[in-house]
Structures are given as C-alpha cells and as structure tokens.
Amino acid sequence: MTAKAAKALFASLAVVMTLSAATLLTSCDRKTPEDNAPMAIVAKTVDPHSYARPQEARVSHVDLDLTADFQTKTLAGTATLTLITEANAKQVILDTRALDIEAVTDASGSPLKFTLGKGNAMMGKPLTIELPQGAQKIVVKYKTTKDGTALQWLSPEQTAGKKLPFLFSQGEEIHTRTWIPTQDSPAIRQTYTARIVVPRDLMAVMSAERLTPEGEKVQGHVGQRAYRFDMKEPVAPYLIALAVGDLGFESEGSRTGVYAEKATLAAAKAEFTDMQAMLEAAEKLYGPYRWGRYDVLVLPPSFPFGGMENPTLTFATPTILAGDKSLVSLIAHELAHSWSGNLVTNATWEDFWLNEGFTVYFESRIMEEVYDKDRADMLRVLGWQDLQATLKDLNDSGKSDFTRLHPDLRNIDPDDYFSDVPYEKGAAFLRMLEAHFGRKKLDAYLKGYFQRFAFQSMTTDAFLVDLRTHLLHNDSDLERQLKIRQWLYDKGMPDNAVAPTSQALNEVSAQILAFMEGTPAKSLSVQGYSSPQWQYFLTHLPDNLSPDQMADLDAVYGFSKSHNSEILFAWLQQAIKHQYQPALPAVREFLLAQGRRKYVVPLYKSLMAQPGWGVTMAKSVYADARPGYHDVTRGTVDDIVK
Ligand code: BES
Ligand code: ZN
C-alpha cells in the first residue's frame with residue numbers, strides 16, 4: 001500500500017492508533033465538535049483484545065452453516081462473511097483461536113490465500129486473508145477443536161434428562177473466536193444467519209429469531225435435522241450463541257417463554273411466570289424492547305454463570321430454580337441487558353462497566369416495579385456489601401488497578417478483571433447520579449441514552465461526553481462537585497457514594513444478635529423471612545459459633561437441604577469456616593451437582609483456607625468434579641486448588 005493510499009484510508013485513525021489508551025482518556029477534552037462526538041470517539045478507540053483492523057475491512061454479516069457432531073465433539077462447516085472494505089483494502093484480519101481452518105474461498109469458490117499469525121494464548125491467532133479487488137464475501141471452511149473454550153459438550157449423564165447429550169456456547173468475553181472465525185470485538189457489530197445441523201432427536205436454538213422451530217429434513221441424512229436462524233439487528237460477536245439438546249418450550253406470555261431440557265421444563269415454567277411483567281416494566285422505564293421475543297433457556301448445571309444475556313434468548317443456570325421464584329432477579333438482570341449491553345454495547349472490555357453497572361442499576365429498578373421497594377433495597381444492600389468485600393480483597397492482593405471502572409486491560413485477559421467492581425461500583429455511580437438529579441431526570445437521560453446509541457457500541461470516554469451534554473449540561477463545576485472523572489477513571493470509591501439501606505435487613509441483625517446471646521434457633525423471630533434476609537442472616541453470622549449452635553440452626557431451618565442455591569451456598573460457606581463436620585457431605589454434593597463459578601470458586605477457596613482437612617477435601621472433591629465443570633470454571637478453580 002502506498003503512503004498516499006494509507007493516508008486516505010486511515011484519515012485520523014492512524015494518528016490515534018499510535019496513542020496509548022491512557023492518552024485516549026483525554027480525547028473527549030479536545031475541541032472540534034466532530035472529534036468530540038461520542039461516535040467519533042468510539043471509532044478511534046482501539047480494542048486491545050482483537051487483531052481486527054475494522055477501518056480497513058470489517059465483517060458486517062456472518063452466515064453459518066455448521067454440523068454438530070457429538071461423537072467427535074466438533075462443529076464443522078462454513079462461515080460466510082460479508083465485508084465492508086475500504087476502496088484499496090488488500091486483506092481482512094479475523095480473530096481465531098483453537099480453530100482448524102481448512103480453506104478460504106471467495107463467494108464463487110475460488111481459493112483465497114490466508115495465513116494464521118503467531119498470536120498468543122489469550123487472544124488466539126490472527127487469520128489474515130488476501131482479498132481480491134472489490135471482494136465482498138469470503139467463505140471460511142473450518143472445524144472447532146477440543147482446545148476451544150466457547151463450546152461445552154456434555155455427556156448424557158451431565159444433563160437433567162440423562163439420556164441425550166447437550167451442547168452450548170458461551171461467547172463473552174473473547175471466546176466466540178473459538179467457534180466462529182470472525183472479528184471478535186464488541187465494537188464490530190454483525191448481523192447473522194445460521195443453519196445448524198444436529199442429530200434428529202435434538203433441538204438447536206440460537207440468540208436469534210428461530211425460523212424453524214420444528215427443524216427441517218436434511219437431504220440424504222435421515223438421522224439429522226437442520227434448524228435455521230436470523231438475527232437482523234447488528235450485535236456484538238460475543239452475543240452469537242447456540243445450544244443443542246433435548247429441549248422443549250413453554251410460553252409465559254405473548255412475547256416471553258422458556259426453553260429447557262424436557263426434564264426441567266415444568267419447573268422452569270413455574271419459576272418464570274413473571275417474565276412478561278418484567279418485560280413490560282422494563283419498557284415502561286427505558287423504552288421499547290427492540291428484539292422481538294424474550295425467552296429464557298435453562299441450561300444443565302455446569303453452566304458457569306448465573307445468566308448470559310444472549311439476545312432474544314437469555315441462557316440461565318438451573319440453580320435459580322428455587323421453586324418459589326425467590327431468585328428471579330437474575331432474569332430481571334439478563335432482561336435489562338437487552339438495553340444496557342445488547343442495544344448499547346461496551347466497545348471494549350475496558351468499558352465492561354457500561355454493560356454490567358447499568359444493568360445492575362436497571363435490574364433493581366425492574367425488581368422495584370414488579371415486586372416492591374423493600375425487595376429491591378435488600379438486593380441493593382447485598383450488592384453493596386459484596387462490593388466492600390471485593391474492594392478490600394483487591395487492595396489487599398495488590399490488584400487495586402481493578403478497583404477502577406475503566407481499567408487498563410492491555411495484555412490482560414478480560415476475565416481476570418471480572419469482579420463486583422464493574423457491577424456494583426457501576427451501579428453505585430448511577431445511584432449517586434440518581435441521588436443528585438432525582439429519578440425523573442436520570443430516567444429521562446437513560447432513556448435518551450439508549451435511544452441515541454441504539455445498536456451502537458460505547459466507550460467510557462464517549463459516555464462521559466454524552467453525559468456532559470445531556471445530563472450535566474456542560475456545567476464543569478457540577479462535574480467536579482459530583483467527582484465524575486474520579487468515579488469513571490480512578491481507583492476505589494469516591495466519598496459521595498450513597499450506601500443503600502434496608503429496614504428489613506436491619507431487623508435481621510437484631511435476630512443474629514439474639515442468637516449469639518443464647519436465644520435458641522426455634523425462638524428467633526424469623527418467620528416468613530425472604531431469600532435476601534436469610535442470605536444476610538447467614539453471611540453475617542460470627543466466626544465463632546459452637547458446633548451445637550450450628551446444629552441447632554440446621555435442625556430448625558434445614559439449611560443443608562435448602563432448595564434455594566443462594567441460601568445453601570451461604571450456609572455451606574459458614575459450615576466450612578466453622579469446620580462443622582455434619583454439613584461437609586452437603587458441601588461435596590453441591591460442588592458435584594453444579595458448576596456455577598460464583599458458588600464453586602468461593603467454596604474451594606474456603607476449603608483451601610483450612611489447612612489439613614480442608615485442603616485434602618478440596619483436592620478430592622475437585623478431582624471428581626473437574627471433568628464436569630466448564631472451561632471457564634476450571635480455569636479459575638485450577639489456580640485455587642493446586
Ligand atoms: N454478562 C454476564 C455474564 C458474563 C460476564 C459472562 C462476563 C462472561 C463474562 C451476565 O449478565 C451476568 O452478569 N451474570 C451474573 C448474574 C447477575 C444477576 C449478576 C452471573 O452470572 O452471576
Ligand atoms: Zn450482567
């Protein structure tokens with residue numbers, strides 16, 4: 001490429017590309033209006049977790065034609081990518097990791113030259129494809145490999161039904177490149193279509209319109225069925241998701257419903273009857289739902305997260321099926337991502353708080369609308385307390401950089417930054433704005449924000465510019481007074497954070513005190529306690545209860561047998577800390593029964609903190625449980641249990 005052509009191509013980009021992320025922080029202070037528009041700032045931002053060069057050639061649509069082979073545990077087929085290219089673009093760079101690339105052709109099947117770069121373990125390898133003049137489509141023929149981290153292939157024994165296997169994908173944050181060769185950056189939005197061929201007794205679902213609910217015949221393959229999908233809105237690649245299993249569907253309302261293994265379907269339907277009300281409450285707050293249907297898919301218990309906001313189809317852990325709807329705030333959370341995350345998306349993983357912090361705030365507003373303020377306040381307090389503990393841990397372990405909403409993640413796996421900080425500090429920032437401006441003004445701002453940037457990606461810098469324009473009205477004294485820059489860019493908590501309070505939880509403290517002072521468990525005034533109250537009760541017990549006191553609690557309230565996973569988890573944490581032997585079989589059972597990282601990781605940590613018996617138990621349980629865990633969970637637990 002000539003110097004002149006390069007200049008024309010990159011325009012302002014070339015200059016900015018050489019700047020460090022730290023320098024970019026100040027880009028919003030520059031003066032020319034065009035430079036200072038939020039979308040111009042986003043366009044100049046470099047994603048440190050992608051090899052793509054979207055200004056040169058960018059993927060705008062992905063068309064998948066893949067066959068799932070449960071024997072070899074591979075997806076194989078083609079990804080046909082539609083490109084938007086600069087006039088003189090000579091190549092396109094895709095992100096890949098652990099993929100077996102067999103061939104690359106143009107739309108008519110003529111081979112194209114390609115090279116896989118060296119790359120690294122975290123980001124994978126750049127796939128550089130030479131483009132013929134004017135090429136708009138390329139076809140990548142490939143297979144997934146066992147080193148990929150996005151797909152989990154479950155044996156029948158690992159499912160609820162026990163008869164048929166299961167497959168699901170988990171793209172966030174940078175795993176999509178291990179099952180789809182595309183530009184895996186959340187700022188490079190892509191529409192997608194797919195045809196997925198699966199064994200005839202299984203159903204495939206994706207985070208897109210499900211065009212063939214019953215599947216279709218596959219010519220010449222009686223043992224297979226094909227399912228087709230269409231996502232017409234441009235989404236970040238981490239939101240392309242697939243699941244295959246012995247699934248059924250039940251409706252929850254005109255726009256909502258649940259998919260689950262047939263063995264779990266009735267429980268799922270009963271748990272999520274408030275979905276439609278949540279959807280309507282969310283729309284009332286921040287504007288129309290833009291994705292058509294909102295369904296939830298309940299996964300097998302190894303799903304490493306509580307939930308994942310895949311568009312039109314939230315993926316959820318079965319550990320929220322408590323039987324009494326007590327853990328449905330997780331659905332409110334994933335639903336809220338349909339605005340904060342899926343509609344307006346973090347442009348890089350350094351802007352993750354724009355997804356999660358906004359969503360935690362939005363989630364609590366939905367809970368308040370659908371249930372009541374008491375319930376929402378309890379959840380706010382629990383979140384706040386988790387955050388205080390996390391901030392302390394991060395500071396104590398020399399990771400205070402991760403107490404920032406906008407961390408520097410160059411050469412850092414975005415998963416390492418995962419903590420309560422982007423969630424709860426982010427939500428606390430919005431609550432601080434709420435306290436100052438009032439709900440009416442803040443809600444109007446947020447609704448406008450979702451409208452202004454619908455189907456676009458957003459950086460922290462660009463958000464600040466928008467906030468200045470539409471909420472702060474360029475009042476720089478007010479910006480200083482509210483410590484906005486400190487919130488967005490500095491470590492720790494600014495002193496104008498507003499701690500949430502809950503009367504219902506204050507009352508729990510009195511009961512804990514009574515118990516400590518000798519009141520027997522059966523005489524405590526805890527009748528009708530809700531899930532958050534029990535969580536609070538169990539997390540605030542002192543460290544020095546006697547075995548008799550522990551036995552008394554368990555005998556009266558049956559914690560070791562709780563069907564509420566949050567309560568069970570909090571109890572088991574206490575059991576380990578108190579070396580309370582009778583509950584240790586329940587610890588083992590829980591660690592074997594599910595692989596949700598939020599539960600599994602703290603429990604192994606607690607065991608490892610008990611020299612002798614705890615370490616021995618952690619190792620022996622993990623040896624049995626590890627094969628059933630997802631890669632994401634293994635990755636974290638491997639570092640703990642050594
Ligand atoms: N988007 C996240 C899950 C996620 C984050 C997956 C980062 C991979 C990387 C999802 O919305 C989420 O936050 N889930 C929470 C539950 C929520 C109620 C806080 C979880 O899984 O615990
Ligand atoms: Zn979330």
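Order of listing sets the numbers, starting from 1, for every ligand and every atom in it. This is a predicted model, so every value here is computed, not measured.
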N or O contact, H337 vs ligand 1, cut-off under 3.5 Å
yes
Heavy-atom distances under 4.0 Å are what count here, so tell me which part of E309 touches ligand 1: side chain, backbone, both or neither.
side chain
Take D372 and R375 through the test salt bridge (Lys or Arg N to Asp or Glu O under 4.0 Å) and record every step on the way to the result.
CA-CA 6 Å; D372 53 52; R375 185 162 174 183; over 6 Å; no
I want to know whether Y286 and W339 have ring centres closer than 6.0 Å.
no
If you count the atoms of ligand 1 from 1 in the order shown, which ones are under 4.0 Å from a heavy atom of Q170?
6 (C), 8 (C)
The Zn ion (ligand 2) has as its nearest N, O or S atom from H337 the atom NE2
Would you call the rings of F358 and W353 parallel, tilted or perpendicular, where under 30° means parallel and over 60° means perpendicular?
tilted
Going by distance alone, is a donor N or O of one side chain under 3.5 Å from an acceptor N or O of the other, for S329 and Y371?
no
among protein heavy atoms, the one nearest atom 2 (C) of ligand 1 is E356 OE2, 3.3 Å
Looking at the Zn ion (ligand 2), which N/O/S atom of E356 is the nearest one?
OE1
Y629 six-ring centre to R626 NZ/CZ under 6.0 Å and within 45° of normal
no
Where do T390 and D420 come nearest, in terms of heavy atoms and distance?
OG1-OD2, 2.8 Å
The protein heavy atom nearest to atom 20 (C) of ligand 1 is G306 N, 3.4 Å
Is a donor from one side chain sitting under 3.5 angstrom from an acceptor on the other, for D95 and S50?
yes
Atom 3 (C) of ligand 1: nearest protein contact (heavy atom, Å):
G307 O, 3.6 Å
Among Q158, Q152, H630, find the residue that satisfies the side-chain hydrogen bond (donor to acceptor under 3.5 Å, both in side chains) test when tested with S302.
Q152
Give the residue, atom name and distance (to 0.1 Å) of the protein heavy atom nearest atom 15 (C) of ligand 1.
E334 OE2, 4.1 Å
Name of the H333 N, O or S atom nearest the Zn ion (ligand 2)?
NE2
Can you classify the ring geometry of Y423 versus F418 as parallel (below 30°), tilted (30 to 60°) or perpendicular (above 60°)?
perpendicular
Say whether Y423 and ligand 1 are in contact under the criterion: heavy-atom distance to a ligand atom below 4.0 Å.
yes
By number and element, which atoms of ligand 1 are closer than 4.0 Å to a non-hydrogen atom of F418?
5 (C), 7 (C)
Residue, atom name and distance, where the atom is the protein heavy atom closest to atom 4 (C) of ligand 1:
E172 OE1, 3.2 Å
Quick one: does R597 get a heavy atom under 4.0 Å from ligand 1?
no
